[in-house]
Structure formats: C-alpha cells, structure tokens
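No experiment lies behind these values; they were computed from the predicted model shown.
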Amino acid sequence: MHNEALEPKITLNNDVKIPVLGLGVWKASNEEAATAVGMAISHGYVLIDTAKQYGNEAGVGFGIKSGLTIAGKNRDDLFITTKVYSGDQGYQASIDAIDGQLERLQTDHVDLLLMHWPVNNLYNETWRGMEEIYRSGKARAIGVCNFDVERLTDLLEHATIKPAINQIEFNPLIHQQAVVDLCHEQGIQIEAWSPLGNGKLLKLPLFNEIAAVHKKTAAQVILRWAVQSNVIVIPKSVHEERIAENADIFDFSLTADEMNQINQLNEEHHSRWYNDYQWYGNPDGDPNRIMKA
Ligand SMILES: NC(=O)c1ccc[n+]([C@@H]2O[C@H](COP(=O)([O-])OP(=O)(O)OC[C@H]3O[C@@H](n4cnc5c(N)ncnc54)[C@H](OP(=O)(O)O)[C@@H]3O)[C@@H](O)[C@H]2O)c1
C-alpha cells in the first residue's frame, strides 16, 4: 500500500529527505523484525530504524527484501537507519564494522547511520570514522543519538560534517528542551526514540480523553503530538494492527489547546535506566547472529 504521508518529507541539513514517521525494531528478535518490517513496508512505511545493538539487522534485511518483493518496490523507495555499536567505537573500528552491517541488511548503503551512544573519550574519533563512511557513500546521512548539550557542543567543535540528526528519548513526559533548542539552532533534526514511552504512556487519561474527541487512539494522539512538534517518530510494534494504527495519524490535527495540555505533562527526566546505562555490553542480543531464512 502506498501512503503518501510516509514518504520522505523533512529535509536534513545535507539535503537528504527523511520521512516523519517510521518503524522501530528494538527488542524484536530477527524473526519478529523480519515479519514486522515486511508488514510495515506493505502498509507504506518507508523509514526503518534498527541498530547492530539490537541483534536483528539480519532480520531487518530479510524483512526489507521480502517486503519490497511483496509491495513491488525498490530499495531506493526505503529509508534505512542503523547505528554504530558502542563496542565498535573509534575511527578504524567504526569503519571496519560497516560492511558487516550492510551485509546483514542486504544493502550497499544505509540512508542514515547514527552513533548509538556518546561513549566518552571515543565519540569524536568515532565521528571521524563516520565522516569517512559518509564520504564513501555507504551512508547517505550521518547523525548521533543520546547527545546532551555538553557532548554535542564538543562534537560540533571537532566535526567536519555536522550531524544531520540527534535521536533522543522524547515524548510528552520527556522534552529535553535544552538539547532540542541547541539542535534547532544548529539545524540538527530531532528524532524521538520511545515516542510512546515504550508503551507505558498509553494509559494516561489525557491521551485517552483527547483520543475520544478525535475518534483516534492514545498512541495516535501521542505520535501526532510529536509530529506537530516537528519531531520524527519511530514507534516500535511487531503487531500488524498497531503498525497500521501508528501510521494513521495524518488525517487529524491537535488543536493549540490540546498541544498545550500535552506539553504541560513534561517532567523532563529520562526513564530510570538511562543515566546508569553504560552501553558497552550488548544485552539485547548477539549482533553477529545470522538469521536462518
Ligand atoms: N537511539 C537509542 O538509543 C534508542 C533507544 C531506544 C529506542 N530506540 C529506537 O526507537 C524505537 C521506538 O522506541 P521503543 O521501542 O523503545 O518504544 P515505543 O515505540 O515508545 O513503544 C513500543 C512499545 O509500545 C507497544 N506499542 C506500539 N504501538 C502500540 C499501539 N498502537 N498500541 C499499544 N501498544 C503499542 C509495543 O508493543 P508491540 O511491539 O508488542 O506491539 C512496544 O512494547 C525503538 O524500537 C528503536 O528503533 C532508539
């Protein structure tokens, strides 16, 4: 199915266009990711967000291949994002890792390569490696994740190429206003991870009240709020009805008053694990695991 709203519409600072909504696949196994990506492509999704850390690049690659065949589309119709694994940080290590990632994804380039985490003492060198990957054409755009004001300022002082994106935890309870403001000033697009608070926000009364007014669901209201806040969203689901539901947010608008009410929910802080997480390990799976098709 073609969904015009899911086509690339936002222009990044290197003129590459990216969709405003895509599919996330964190915590999906290779098998789940393959099925979800295939379903998403047939529902018109263009943007798929994975990471070596998730251990499911091979499943995503398989889902892309089968999804494109079923939908009668080409690789160039998609916008594939993956991330530099924290265990691959450093100039040479990040360069050495990309070919294996592309092989698992069954493609010769990604549309966006993000640094998954600002590993202290390494992120500037890693960025230098990512600039090389960008110049080689193996990534059409490069960006970062989880950079706060201090680290982003430092990166900008060392970088030759400005990040196109900062993918951060962002939802009605977590606005991260300081880093969002810096990104706006610098022309760096914000992309929200866990836009639904990993599903935990869906029960909050306000979203359900607003959803009832628009004959929509709480998930749709939250995603619509992010999109109206000029933020790209990548909600994750492995269920077809939810994949379709999450993309069906372009036929209604939240009023200024509703946006304001949702904005009042901001508590600013991250989810509890965030500040303690080291990201050197790979708790979510073995990235080298090859999916058996
Ligand atoms: N860069 C980073 O550091 C970073 C960190 C975290 C996440 N991410 C990316 O961001 C993506 C999204 O974040 P996330 O996966 O943490 O959380 P999320 O998208 O906020 O929420 C996903 C959860 O909500 C459920 N869900 C999705 N749509 C739903 C709906 N319409 N109704 C009810 N439940 C629904 C999903 O369950 P089912 O799957 O069972 O439907 C899943 O449990 C990730 O998948 C990943 O690609 C990046």
Where do [X] and [Y] come nearest, in terms of heavy atoms and distance?
X: Gly63; Y: Val37; value: C-CG1, 3.7 Å
X: Gly22; Y: Pro235; value: O-CD, 3.2 Å
X: Ile41; Y: Lys73; value: O-NZ, 4.1 Å
X: Asn208; Y: Ala218; value: OD1-CB, 3.6 Å
X: Ala139; Y: Leu113; value: CB-CB, 3.9 Å
X: Ile95; Y: Gly129; value: CG1-O, 3.7 Å

Rounded distance (nearest 0.5 Å) linking atom [atom1] of [X] with atom [atom2] of [Y]:
X: Leu182; Y: Glu150; atom1: CG; atom2: CD; result: 12.0 Å
X: Leu6; Y: Phe79; atom1: CG; atom2: CZ; result: 14.0 Å
X: Leu206; Y: Leu201; atom1: CG; atom2: CG; result: 11.0 Å
X: Ile98; Y: Thr82; atom1: CD1; atom2: OG1; result: 7.0 Å
X: Gln177; Y: Asn263; atom1: CD; atom2: CG; result: 8.5 Å
X: Asn56; Y: Glu31; atom1: CG; atom2: CD; result: 10.0 Å

Would you say the side-chain atoms of [X] pair up with the backbone N or O of [Y], donor to acceptor, closer than 3.5 Å?
X: Thr126; Y: Gly90; answer: yes
X: Asn146; Y: Met115; answer: no
X: Asn14; Y: Val16; answer: yes
X: Tyr45; Y: Ala244; answer: no
X: Gln176; Y: Glu169; answer: yes
X: Asn246; Y: Arg242; answer: yes
X: Arg104; Y: Glu57; answer: no
X: Gln220; Y: Glu245; answer: yes
X: Ser237; Y: His239; answer: yes
X: Asn3; Y: Ala5; answer: yes

> Taking Ile232 as the fixed residue, which of Leu47, Val227, Leu21 is the one that meets the side-chain contact (heavy atoms from CB on, under 4.5 Å) rule?
Replying inline: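 Among the candidates, only Leu47 passes.
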> Only one of Lys52, Gln53, Met130 forms a side-chain contact (heavy atoms from CB on, under 4.5 Å) with Val84, so which one is it?
Replying inline: Met130
Using 4.0 Å as the upper bound for N to carboxylate O, is an ion pair formed by [Y] and [X]?
X: Arg151; Y: Asp154; result: no
X: Arg140; Y: Asp15; result: no
X: Asp251; Y: Lys216; result: yes
X: Asp49; Y: Lys236; result: no
X: Glu4; Y: Lys9; result: yes
X: Arg128; Y: Glu131; result: no

With hydrophobic residues grouped by side-chain heavy-atom distances under 4.5 Å, do [X] and [Y] end up in a single group?
X: Val149; Y: Val180; answer: yes
X: Val179; Y: Leu156; answer: yes
X: Met1; Y: Val46; answer: no
X: Leu105; Y: Ile70; answer: no
X: Leu23; Y: Val238; answer: no

> Can Phe207 and Leu265 be said to form a side chain to side chain contact (heavy atoms under 4.5 Å, CB included), step by step?
Replying inline: CA-CA 11 Å; Phe207 302 128; Leu265 296 175; 3.5 Å; yes
>> So for atom CD, which belongs to Glu103, do other residues, nucleotides or ligands contribute more than 12 heavy atoms lying within a distance under 6.0 Å?
In response: no
>> As a quick check of understanding, evaluate salt bridge (Lys or Arg N to Asp or Glu O under 4.0 Å) for Lys138 and Asp99, giving each step before the final call.
In response: CA-CA 9 Å; Lys138 292 178 184 174; Asp99 285 344; 2.8 Å; yes
>> Quick check: His109 with Tyr134 (ring centres under 6.0 Å apart)?
In response: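 Centroid distance Tyr134-His109: not below 6.0 Å, so no.
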>> Test side chain to side chain donor-acceptor pair (under 3.5 Å) on Glu240 and His43; report intermediate values, then the result.
In response: CA-CA 9 Å; Glu240 185 159 19; His43 280 278; 2.8 Å; yes
> Aromatic rings His214 and Phe252: how do their planes relate, parallel, tilted or perpendicular, breaks at 30° and 60°?
Replying inline: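 Answer is tilted, since the angle falls between 30° and 60°.
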>> Parallel, tilted or perpendicular: which one describes the rings of His175 and Trp225, with boundaries at 30° and 60°?
In response: tilted
> Do Gln89 and Ser94 come within less than 4.5 Å of each other through their side chains, counting heavy atoms only?
Replying inline: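 Counting from C-beta outward, Gln89 and Ser94 never come under 4.5 Å.
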